[in-house]
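In listed order, ligands and their atoms are each counted from 1. If you're wondering where the values come from, they're calculated on a predicted model, not measured in any experiment. Heavy-atom basis, side chains included; hydrogens, waters and symmetry copies ignored.
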Amino acid sequence: MAQEPSTRVLPHELPASLREAGLDHWIREPLDDAVDRRRRIIMPPAAAMTGTPARDYQGALLAEAKHDDTVFMMGDNPELPKMPERPTLRDFYLLRFGPIPRMHLLQSARVARENGLDEKVIMACLLHDIAIAGLLSANHGCWGAQLVAPYVDEEVAWAIEKHEALRYFPDESVGYSYPAAYIDYFGPDYHPPDYIRREAEAARRHRWYMTSRLVTINDIYSFDPGVTVDFDDFEDVVGRHFRQPAEGLGFDGSPVAHMWRTMIWPNNFL
Ligand SMILES: [Fe+2]
Ligand SMILES: [Fe+2]
């Protein structure tokens, strides 16, 4: 859906320092009729820049905005599909989430359904990594649980929050082993920090433990390339277990509306 960059000659070039840093492609977009023929700068958020060389270029990006034909990105980014005025959960899956996290969520929910699990568990599987898909990866269980809390059963939000810590700890009594993928991701010598360990221990004593544990058991890391799963396959489950606000996600005045708006306009400067 990404719009072809305009071939119109740019009135002035990107400063060499930004070009050399390789920031020309992902920080900015070329001049484009759709945005009043202005260049628009995308400033990466602190959470993405901190700890990377990109932070050293914040000043250079700020300086670019001094040009008359250049502003910071605000509102719709033409590189992204336009979201409807009243976005639903489905719109975020189809118009904002990348193909890999989207397929991860859909295949996990599909496996949960094939295993004959309760619809609450299927719903939790469908949502469990929603923060990774659209917002932030670090602490994704907590971000994800907060995102959906106003719209799902409390047990579903709890299961999403706790799956993050429970993922690290085997429970052989229900056939859950430490994920092989985590050895690739973190190395064989990785040990989760104490706060994660404490969180998992507390979750294990909770009455909803098994709901969250089932999310981890159905958390599928290897895609089945032969299987395509559509969001609409879960229309019934979503209809029964996700309270879609009439005003649209992001515009219902809920305490988490800003998080959904951040996914609608992820490149806004402020
Ligand atoms: Fe996860
Ligand atoms: Fe996952």
inquiry  = As a quick check of understanding, evaluate side chain to side chain contact (heavy atoms under 4.5 Å, CB included) for L89 and L127, giving each step before the final call.
reply    = CA-CA 10 Å; L89 186 64; L127 295 169; 4.0 Å; yes
key: side chain to side chain contact (heavy atoms under 4.5 Å, CB included) assessment of M263 paired with F97   = CA-CA 9 Å; M263 297 196 290; F97 299 169; 4.0 Å; yes
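- Between R204 and D171, at least one side-chain nitrogen of the basic residue sits less than 4.0 Å from a carboxylate oxygen of the acidic one, meeting the salt-bridge criterion.
- An angle of 80° is found at the Fe ion (ligand 2) between H104 atom NE2 and D219 atom OD1, rounded to 10°.
- Seen from the Fe ion (ligand 2), atom NE2 on H128 and atom OD2 on D129 lie at an angle near 90° (rounded to 10 degrees).
- Distances from the Fe ion (ligand 1) to each N, O or S atom of H163 single out NE2 as the nearest.
- A salt bridge is absent between E119 and R113; no separation between the charged side-chain nitrogens and carboxylate oxygens falls under 4.0 Å.
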